[in-house]
Amino acid sequence: MNKYVVGKLDGKVALVTGSARGNGLGTARCFARYGAKVIMLDKLDEVFAAAEEFKAQGYDVCPIRMDITDPRQIKDAVSKGIELYGRIDVLVNNAGVSILSKFLETPQELIDLHFNVNLFGVMNLCAAVLPHMVKQNYGRIVNVSSVTGPYVSDEGEIIYGITKAGVIGLTKGLALEFAKHNITVNAICPGYIHTPMVDGAAKQSNPRNPQAVLDGIARTVPLGRLGTPDEIGELIAFLGSDESSYITGIDITIDGGAALPETNVIGIR
Ligand SMILES: NC(=O)c1ccc[n+]([C@@H]2O[C@H](COP(=O)([O-])OP(=O)(O)OC[C@H]3O[C@@H](n4cnc5c(N)ncnc54)[C@H](O)[C@@H]3O)[C@@H](O)[C@H]2O)c1
């Protein structure tokens, strides 16, 4: 059985959306490693296999297959988590979608999908979990936004960026309204992290050579590579722990310095 690295989340109950793969899986792994019990939500069946792997390592996790675009399923999943563990200390709104599309050619269904998952799904999860956090007089919410939207953009990411910018507005508003209940609400803004989502965007950008796209991204990042889901998990674990008790309403960029260069031509190399 694995031993916790440091039990900074010992005894906490965390709900992590989109935890079948990518950043959510990395986050669930970090939380479990730090001692949390983790309710793993995802619409993919893979969430069960991921949870089995964690259980085999001695971690306490509960997988639930559900769709966060359905408020009924959100309510049921939150009730199931409360029934099982008695409380939810940390909510990580990580599930998201990103499909590239030119602004004037984006079909309504694709716009709806981005808003329903990335923004309304996050709002509805907050609405379902916050009453429990208020009752406990304790809570941590971490929303996974993006640098795309609040800070930068790439072609084809306008709708995605609008939803991610919206998540920052939601984060700040909730942080203010729920501070009196000892609940903190923060957001993180990742740059490019190597996940199935980014593999998908690389394939959409260059179907014949997606690896060239990934290599191209890495060249633009001062740290020389894409980030990993575990690096995302570490930041979220900090914001979900008591170590971050005086931080609320902010967003933290985690991008390997990608937003730093003012140009790529000026300088002595
Ligand atoms: N990977 C990056 O470079 C990057 C950068 C910035 C922000 N993000 C954000 O990080 C989060 C995770 O992204 P990722 O790269 O791991 O993506 P991913 O596609 O690899 O994983 C997303 C997970 O969310 C789940 N999900 C999607 N829609 C859902 C729904 N309706 N109900 C339940 N589960 C659903 C998927 O099944 C999947 O398991 C997203 O919010 C994304 O916008 C990612």
Side-chain angles (χ1 to χ4, degrees), residues 15-30 39-51 63-74 76-78 91-100 110 112-125 128 142-154 157 159-168 170-171 187-205 213-214 217-218 220-221 225-233 235-236 251-256 258-259:
L15 190 159
V16 182
T17 69
S19 44
R21 68 182 199 192
N23 291 333
L25 182 61
T27 301
R29 187 184 300 117
C30 274
I39 304 157
M40 299 171 67
L41 302 192
D42 207 289
K43 68 175 185 185
L44 298 177
D45 280 333
E46 281 91 318
V47 74
F48 296 112
I64 299 177
R65 196 173 70 81
M66 53 82 73
D67 187 333
I68 67 159
T69 63
D70 179 352
R72 183 74 254 161
Q73 292 187 44
I74 289 180
D76 289 348
V78 169
L91 166 64
V92 181
N93 279 307
N94 163 79
V97 292
S98 170
I99 295 155
L100 304 182
L110 205 59
D112 292 344
L113 177 70
H114 281 85
F115 275 83
N116 289 336
V117 178
N118 296 359
L119 192 52
F120 302 141
V122 175
M123 282 171 58
N124 288 331
L125 269 145
V142 185
N143 294 324
V144 180
S145 175
S146 175
V147 289
T148 308
Y151 297 108
V152 296
S153 195
D154 265 333
E157 295 198 332
I159 305 302
Y160 174 78
I162 297 169
T163 62
K164 291 297 179 180
V167 165
I168 302 290
L170 174 67
T171 300
I188 69 159
C189 294
Y192 280 104
I193 312 301
H194 196 193
T195 67
M197 179 188 277
V198 168
D199 281 335
K203 257 184 226 135
Q204 260 197 295
S205 306
V213 177
L214 298 176
I217 295 172
T220 68
V221 179
R225 61 177 176 83
L226 280 73
T228 67
D230 280 55
E231 288 171 321
I232 293 297
L235 176 58
I236 296 178
D251 59 273
I252 298 182
T253 293
I254 170 165
D255 71 346

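In each ligand, atom 1 is the first atom listed, and ligand 1 is the first ligand listed. Only this structure's heavy atoms are used, side chains among them; waters, hydrogens and symmetry mates stay out. Computed from a prediction, not measured in an experiment: that's the story for all the values here.
Here Met66 has backbone heavy atoms under 4.0 Å from ligand 1, and that is the only part of it that gets that close. In Ser145, the part holding a heavy atom less than 4.0 Å from any atom of ligand 1 is the backbone. Contact annotation: for Val198 versus ligand 1, heavy atoms closer than 4.0 Å belong to the side chain alone. Residue contacts with ligand 1, taken as heavy atom pairs separated by less than 4.0 Å, involve Val117 solely via side-chain atoms from C-beta onward.
In terms of polar-atom proximity, defined here as any N/O pair under 3.5 Å, Leu41 makes no such contact with ligand 1. Of the polar atoms of Tyr160, at least one N or O is found under 3.5 Å from an N or O of ligand 1, judged by distance alone. The shortest N or O to N or O distance between Leu44 and ligand 1 is not below 3.5 Å. Residue Asp42 has at least one nitrogen or oxygen atom sitting less than 3.5 Å from a nitrogen or oxygen atom of ligand 1, judged on distance alone. Ligand 1 has a nitrogen or oxygen under 3.5 angstrom from a nitrogen or oxygen of Arg21.
Between His114 and Ser98, the shortest heavy-atom contact is NE2-CA, 3.5 Å. Among all heavy-atom pairs drawn from Lys164 and Val144, the shortest one is NZ-O, 2.9 Å. Closest non-hydrogen pair, Val221 versus Asp255, comes out as CG1-O, 3.8 Å. Closest heavy-atom contact between Val147 and Gly191: CG2-CA, 3.8 Å. The minimum heavy-atom distance between Thr148 and Pro150, with the atom names listed, is O-CD, 3.2 Å. The minimum heavy-atom distance linking Ala95 with Val117 is given by the pair O-CG1, 4.1 Å.
Atom 9 (C) of ligand 1 has its closest protein heavy atom at Val144 CG1, 3.6 Å. The closest protein non-hydrogen atom to atom 32 (N) of ligand 1 is Ile68 N, 2.9 Å. Scanning the protein for heavy atoms near atom 17 (O) of ligand 1, the closest one is Met197 CB, 3.2 Å. Summary of contacts: the protein heavy atom closest to atom 34 (N) of ligand 1 is Lys43 N, 3.3 Å. Ranking protein heavy atoms by distance to atom 24 (O) of ligand 1, first place goes to Gly18 CA, 3.4 Å. Taking atom 15 (O) of ligand 1 as the reference point, the nearest protein heavy-atom neighbour is Thr195 OG1, 2.5 Å.
Close contacts of ligand 1 with Asn94, meaning ligand atoms under 4.0 Å from a residue heavy atom, involve 10 (O), 11 (C), 12 (C), 40 (C), 41 (O). Each of the atoms 24 (O), 26 (N), 34 (N), 35 (C), 41 (O) of ligand 1 lies under 4.0 Å from some heavy atom of Ala95. Heavy-atom contacts of Asp67 reach the following atoms of ligand 1: 30 (C), 31 (N), 32 (N) (cutoff under 4.0 Å). Taking a cut-off of under 4.0 Å to the non-hydrogen atoms of Tyr192, the atoms of ligand 1 that pass are 3 (O). Counting the atoms of ligand 1 from 1 in the order shown, those under 4.0 Å from a heavy atom of Gly191 are 2 (C), 3 (O), 4 (C), 5 (C), 6 (C).
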*Stepwise side-chain hydrogen bond (donor to acceptor under 3.5 Å, both in side chains) check, Asp230 with Thr228*: CA-CA 5 Å; Asp230 280 55; Thr228 67; 5.4 Å; no
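Taking 4.5 Å as the limit, some side-chain heavy atom of Met66 sits within range of a side-chain heavy atom of Ile74. A 4.5 Å side-chain heavy-atom check between Leu170 and Val122 finds at least one atom pair inside the cut-off. Looking at heavy atoms from C-beta onward, Ile68 lies in side-chain contact with Leu125 at the 4.5 angstrom threshold.
Separating the CD1 atom in Ile232 from the CG atom in Leu25 is a distance of 13.0 Å, to the nearest 0.5 Å. For the atom pair CG (Asp67) and CG (Leu41), the distance works out to 11.0 Å, reported to the nearest 0.5 Å.
Between the side chains of Ser145 and Asn143, no donor N or O sits under 3.5 Å from an acceptor N or O.
Aromatic ring orientation, Phe115 versus Phe120: tilted (interplanar angle from 30° to 60°).
The closest approach between any non-hydrogen atom of Glu46 and ligand 1 is not below 4.0 Å. Ligand 1 has no atom lying under 4.0 Å from any heavy atom of Pro229. For the pair Lys164 and ligand 1, a heavy-atom separation below 4.0 Å is found.
In this structure, of Asn143, Asn23, Ile193, the residue bringing a heavy atom nearest to atom 44 (C) of ligand 1 is Asn23. In this structure, of Gly24, Gly22, Gly227, Gly96, the residue bringing a heavy atom nearest to atom 22 (C) of ligand 1 is Gly96.
Using a cut-off of 4.0 Å between Lys/Arg side-chain N and Asp/Glu carboxylate O, Asp76 and Arg72 are scored as salt-bridged.
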